[in-house]
Trainee: 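Pasting a structure below so you can have a look.
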Amino acid sequence: MKTLDDLLGEGVSGRRVLVRADLNVPFDKNNAGVITDDGRARAVLPTLVALRDAGARVIVMSHLGRPKGAPDPKFTLAPVATRLGELLGTPVVFASDTVGPSATAAVAALNDGDVLLLENLRFNAGETSKDEAERGAFADELAAYADVYVDDAFGAVHRKHASVYDVPARLPHYAGWLVLRELEVLRRVSDAPEQPYVVVLGGSKVSDKLAVIQALLPKVDKLLVGGGMCFTFLKAQGHEVGKSLLEEEMISTCASLLAEAGDRLVLPVDVVAATAFAADADHDTVDISGIPADRLGLDIGPKSVALFAEAIAGAKTVFWNGPMGVFELAPFAAGTRGVAEAITKIDGFSVVGGGDSAAAVRTLGLDESAFGHISTGGGASLEYLEGKKLPGVEALDRHSEQRRAT
Ligand code: 3PG
Ligand code: MG
């Protein structure tokens, strides 16, 4: 795999460099255009700064949210261009389309050291199409803008999308520093994690985490399960879970996993149960054997935090993915905060696996530097740990293999 260092070594001054970034940042639901966590934009800065300072003409492209292949103002990257400019300390030009007249004119107008952000890739059906020809045609248009391609969108490397998979087949391609760092960390926790190895999983659905649970169970000393997904496990153990999130069709799978894991799989012993999914809902901490029929669990309780913290305390390696509760609502944030704080205290290496858990670390005001690594990829890091091939990584690798063969 060729890297950004190789590219900088070749020299980039005056060259047009197309950078795939993952600028899929969360926005405030009540304030349009207000970014609640710019972690993903900050994570790609070193790569962008290096290219800009070396005199490249930098064309950045990203997706935002899941628009349906056509322009949708709700998902415009315009506010992200502004934020990126603030972070870079130099203005970022914004193209109001991805491969249309605005983008074409903006690319043509680039000077050495300029940075341009194209509008949301997913405003174009070709980006996510399952049809190779449709994806390829869109990739052709993107590739035509540049001399070389850099992938620094770790959060999207698990997507077989035009900008991730097909563009690198059309241009000399290099892995950016964020992608390289993420892969190095994931290799470390999956190939030879220092023991004891504790994995903490949360989030809403068991079905999303099933493959990673199956892949990790043989490797871990403890697997701690919180978040909405714990209720399907609790149900499988015979507890009533009231109106809590439940995946009926996963109950028997959870029962098998519990049997296979024995005491390595640890579930909450108490939860915060509320009358409704709302910050002002009436709520109480209850034992898991006493979840009222008309309430739903929205966080793990203090006894569970203590139990999880004890398991985490002795770990040499911790991988954490998924919040323990609805941390966005203050009354249900204590579980996630407590577990996160326990992770910061270990005498070992901790990895926060992307998405919501990374956002939780920052929105709860925790010290980011107290973690070994905070990934920018939720789905991507899970798929890596599942042992799946990541299309974006395969695409970056392909070049070097071909070169070696010739
Ligand atoms: C993410 O937020 O997980 C990445 O940006 C990928 O987005 P996606 O899940 O919509 O493909
Ligand atoms: Mg995702």
Side-chain angles (χ1 to χ4, degrees), residues 19-29 35-45 47 60-70 72 74-77 79-81 83-84 98 117-130 135 138-139 151-167 176 178-179 181-183 185-186 201-205 207-209 211-212 227 319-323 327-328 351-363 373-386 388-395:
V19 180
R20 176 52 158 109
D22 182 353
L23 300 173
N24 187 20
V25 294
F27 282 86
D28 187 335
K29 288 177 188 71
I35 297 167
T36 53
D37 175 30
D38 64 2
R40 278 182 162 161
R42 285 188 286 123
V44 75
L45 281 181
T47 288
V60 185
M61 56 178 176
S62 175
H63 70 286
L64 177 72
R66 293 180 177 174
K68 301 272 171 272
D72 179 343
K74 275 206 303 289
F75 297 106
T76 178
L77 276 167
V80 180
R83 185 76 194 109
L84 201 55
T98 326
L117 176 64
L118 304 178
E119 182 55 288
N120 196 339
L121 288 159
R122 292 184 184 173
F123 285 1
N124 305 270
E127 169 66 359
T128 60
S129 177
K130 299 249 182 302
R135 267 203 337 267
F138 182 53
D151 187 3
D152 218 17
F154 177 73
V157 289
H158 59 316
R159 301 295 182 211
K160 195 173 179 177
H161 292 168
S163 64
V164 175
Y165 187 74
D166 304 277
V167 174
L178 175 62
V179 161
R181 166 82 179 135
E182 296 266 15
L183 292 175
V185 164
L186 288 171
L201 291 180
S204 49
K205 288 175 159 181
S207 47
D208 287 349
K209 304 280 157 71
V212 79
F319 176 79
W320 169 36
N321 183 292
F327 73 90
E328 300 91 337
V351 179
V352 183
D356 289 344
S357 6
V361 165
R362 292 185 282 258
T363 44
H373 178 71
I374 301 181
S375 176
T376 53
S381 56
L382 287 179
E383 290 199 19
Y384 183 100
L385 294 180
E386 285 164 22
K388 281 200 190 144
K389 285 213 161 82
L390 305 172
V393 177
E394 277 191 293

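Order of appearance sets the numbers: ligands from 1, and atoms from 1 within every ligand.
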Trainee: Between A211 and E386, what is the shortest heavy-atom contact and its length?
Mentor: CB-CD, 3.4 Å
Trainee: Looking at R135, R20, R122, which one forms a salt bridge (charged side-chain N to carboxylate O under 4.0 Å, His left out) with E127?
Mentor: R20
Trainee: Using modelled atom types only, decide if a donor and an acceptor are shared between the side chain of E383 and the backbone of L390 within a distance under 3.5 Å.
Mentor: no
Trainee: Counting each atom of ligand 1 from 1 as listed, which ones have a heavy atom of R159 under 4.0 Å away?
Mentor: 8 (P), 9 (O), 11 (O)
Trainee: Closer than 4.0 Å to some heavy atom of R122 - which atoms of ligand 1 meet that?
Mentor: 7 (O), 8 (P), 10 (O), 11 (O)
Trainee: Does any N or O atom in H161 lie less than 3.5 angstrom from one in ligand 1, N or O only?
Mentor: no
Trainee: Considering only heavy atoms of G155, which atoms of ligand 1 have at least one such atom less than 4.0 Å away?
Mentor: 4 (C), 6 (C)
Trainee: Any donor-acceptor pair under 3.5 Å linking the side chain of N120 with the backbone of L64?
Mentor: yes
Trainee: Which ligand 1 atoms, with their elements, are less than 4.0 angstrom from a heavy-atom of R66?
Mentor: 8 (P), 9 (O), 10 (O)
Trainee: Is any N or O atom of N24, backbone or side chain, closer than 3.5 Å to an N or O atom of ligand 1?
Mentor: yes
Trainee: With atoms numbered from 1 as shown, which atoms in ligand 1 lie under 4.0 angstrom from a non-hydrogen atom of D22?
Mentor: 4 (C), 5 (O)
Trainee: Do any N or O atoms from the side chain of T36 and from the backbone of D28 form a donor-acceptor pair under 3.5 angstrom?
Mentor: no
Trainee: Pairing donors with acceptors under 3.5 angstrom, does anything connect the side chains of T363 and E328?
Mentor: no
